[in-house]
Novice: 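A single structure is presented below for examination.
In this text the structure is predicted, and so the values were computed from the model without any measurement. Heavy-atom basis, side chains included; hydrogens, waters and symmetry copies ignored. Chain naming here is simple, since letters A, B, ... match the order of the sequence lines and numbering starts at 1 in each.
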2 protein chains.
Amino acid sequence: MMDAKKVTALLRKKGFKVTPQRLAIYNVLCNTKAHPNAEMIFNKLQPYYPTMSLATIYKTIDILKEINLIQIINVGEDSLRYDAVVKSHSHIRCTVCNKVEDIMDFDFTPAIKDVAQRTSYDLSGQQFYFYGVCPECQAKANRKIG
Amino acid sequence: MMDAKKVTALLRKKGFKVTPQRLAIYNVLCNTKAHPNAEMIFNKLQPYYPTMSLATIYKTIDILKEINLIQIINVGEDSLRYDAVVKSHSHIRCTVCNKVEDIMDFDFTPAIKDVAQRTSYDLSGQQFYFYGVCPECQAKANRKIG
DNA sequence: TTATGTGCAAAGCCTTTGCAATAAG
DNA sequence: CTTATTGCAAAGGCTTTGCACATAA
């Protein structure tokens, strides 16, 4: 999933050192669709990097964000989540199990055009978040009522 | 702007007491388009309620949210903002001056239909946030560049 | 009268910062 | 060898909580 050589080259090019911790953190983000927050990344790496601290995760995330390898997701929880998929896409959170899923191939264009025209803002980005109950949690609920 | 009788009745109906602080906080939210955060509300009321604490503002906001008199806006800042306009609408934040404006009459329907169909989620809500530079800040920037 | 609300101070939670020891280049 | 990074602990910022006093009903 993660192209280590590419990441290494990019970090060096931008003047950052390449450390096992940085590669590991980025690797976690590349190999999950769970949109983990800092603590989830921490827990995932704990067995392999038992001395790694949350501070390192936050500092690394700053860098990965700066060189555009990850994006930050704010779904209205207490903590932020991170996504190695940088392409603009929206997210949906299940209000029961709290999982966050991607919604790929959602066409922002009409909305952006409409808003740009109506507000005269020079638009630079947007975040669309949807909330609801995922199919799995719907099924569980039905079973209980059943 | 604020219908005091309506708010009073609603609070009582839901089992909450009606206090000057609660009415004042809701009144501030009804009389601004600035989407203030807790501290902004606090500062606004400071001259009139010099002993009011931030804790009271947060507690009141919980209640106003619970009885659906306000909505919470999370535009990716450190603090949350609050809006007495409960009708679903999207927001745009200027990345220069940080003001948050409403985008009314934005039609969510096509997006919601698309997402509902594609994800099989039972949708309950959505938040659309746009980011860019407002016309005023664009003008200022142009003046500087000259 | 009595249950709820206010306001202060303290605590909580996520995130950031300072700094000495460590590792990358 | 030099400079950036790690990891610990402490601090910061927003929000919540506990509790004694005050107030609404």
Novice: Find the distance Arg81(B):CZ to dG13(D):P and express it as a whole number of Å.
Specialist: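 Distance, rounded to whole Å: 18 Å.
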Novice: Write down the distance between CG (Leu64(B)) and C1' (dG5(C)), rounded to a whole number of angstrom.
Specialist: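 Atom-to-atom, Leu64(B) to dG5(C), this comes out as 14 Å.
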Novice: Minimum heavy-atom separation for Met2(A) and Tyr26(A), please, with both atom names.
Specialist: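 Met2(A) and Tyr26(A) have their closest heavy atoms at SD-CD2, 3.3 Å.
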Novice: Parallel, tilted or perpendicular: which one describes the rings of Phe106(A) and Phe108(A), with boundaries at 30° and 60°?
Specialist: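 Perpendicular.
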Novice: Test side chain to side chain contact (heavy atoms under 4.5 Å, CB included) on Met40(B) and Val28(B) and set out the steps.
Specialist: CA-CA 10 Å; Met40(B) 290 161 165; Val28(B) 167; over 6 Å; no
Novice: Hey, does the side chain of Arg22(A) come within less than 4.0 Å of dA24(C)'s phosphate (OP1/OP2), counting only N and O?
Specialist: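 So the side chain of Arg22(A) is outside the cut-off, no N or O lying under 4.0 Å from OP1 or OP2 of dA24(C).
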Novice: For the pair made of CG in Leu54(A) and C1' in dA10(D), what is the distance, rounded to whole Å?
Specialist: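 Taking CG of Leu54(A) and C1' of dA10(D), I get 15 Å after rounding.
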Novice: Between the side chains of Tyr121(A) and Glu101(B), is a donor N or O closer than 3.5 angstrom to an acceptor N or O?
Specialist: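 On atom types as modelled, these side chains qualify, holding a pair under 3.5 Å.
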Novice: Nearest whole angstrom, please: distance from the P of dT15(C) to the CD1 of Ile61(A).
Specialist: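 To the nearest whole Å, that distance equals 8 Å.
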Novice: Just the table, please: protein N/O against nucleotides 8-14 of chain C N/O, every pair under 3.5 Å.
Specialist:
from: dC8(C); atom 1: OP2; to: Thr51(B); atom 2: O; distance (Å): 3.4

Novice: May I have the distance from Lys65(A) (atom NZ) to dT15(C) (atom P), rounded to whole angstrom?
Specialist: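 Distance, rounded to whole Å: 15 Å.
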Novice: Centroid separation under 6.0 Å, is that true for the rings of Phe42(A) and Tyr49(A)?
Specialist: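 Ring centroids of Tyr49(A) and Phe42(A) are no less than 6.0 Å from each other.
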Novice: Between N or O atoms, less than 3.5 Å apart, protein on one side and nucleotides 22-25 of chain D on the other: list the pairs.
Specialist:
from: dA24(D); atom 1: O3'; to: Val18(B); atom 2: O; distance (Å): 3.4
from: dA24(D); atom 1: N3; to: Lys17(B); atom 2: NZ; distance (Å): 3.1
from: dA25(D); atom 1: OP1; to: Arg12(B); atom 2: NE; distance (Å): 2.8
from: dA25(D); atom 1: OP1; to: Arg12(B); atom 2: NH2; distance (Å): 3.1
from: dA25(D); atom 1: OP1; to: Val18(B); atom 2: N; distance (Å): 3.2
from: dA25(D); atom 1: OP2; to: Arg12(B); atom 2: NH2; distance (Å): 3.1

Novice: Does the distance from a Lys or Arg side-chain N to an Asp or Glu carboxylate O, for Glu77(B) and Arg81(B), drop under 4.0 Å?
Specialist: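 Looking at Arg81(B) together with Glu77(B), the answer is yes, because their closest N to O distance falls below 4.0 Å.
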Novice: Which atoms form the tightest heavy-atom contact between Asp83(A) and Ile73(A), and what is the distance?
Specialist: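 Scanning both residues, the minimum pair turns out to be CB-CD1, 3.5 Å.
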Novice: Any ion pair linking Glu136(B) and Lys99(B) (charged N to carboxylate O, less than 4.0 Å)?
Specialist: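 Yes, Lys99(B) and Glu136(B) are salt-bridged.
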Novice: Rounded to the nearest Å, what distance is computed from the CG atom of residue Asn74(B) to the C1' atom of nucleotide dC14(D)?
Specialist: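 That distance rounds to 12 Å.
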Novice: Just how far, in rounded Å, is C1' of dG7(C) from CD of Gln46(B)?
Specialist: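 After rounding, the gap between these two atoms is 12 Å.
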Novice: Using whole Å, report how far CD1 of Ile57(B) lies from P of dG5(C).
Specialist: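 Answer to the nearest Å: 17 Å.
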Novice: Does any donor atom in the side chain of Ser120(B) or Gln138(A) lie under 3.5 Å from an acceptor atom in the other side chain?
Specialist: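 No, because no side-chain N or O of Ser120(B) sits under 3.5 Å from a partner of the opposite role on Gln138(A).
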Novice: At under 4.0 Å, does any side-chain N or O of Gln21(A) touch on OP1 or OP2 of dA23(C)?
Specialist: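 Result: no.
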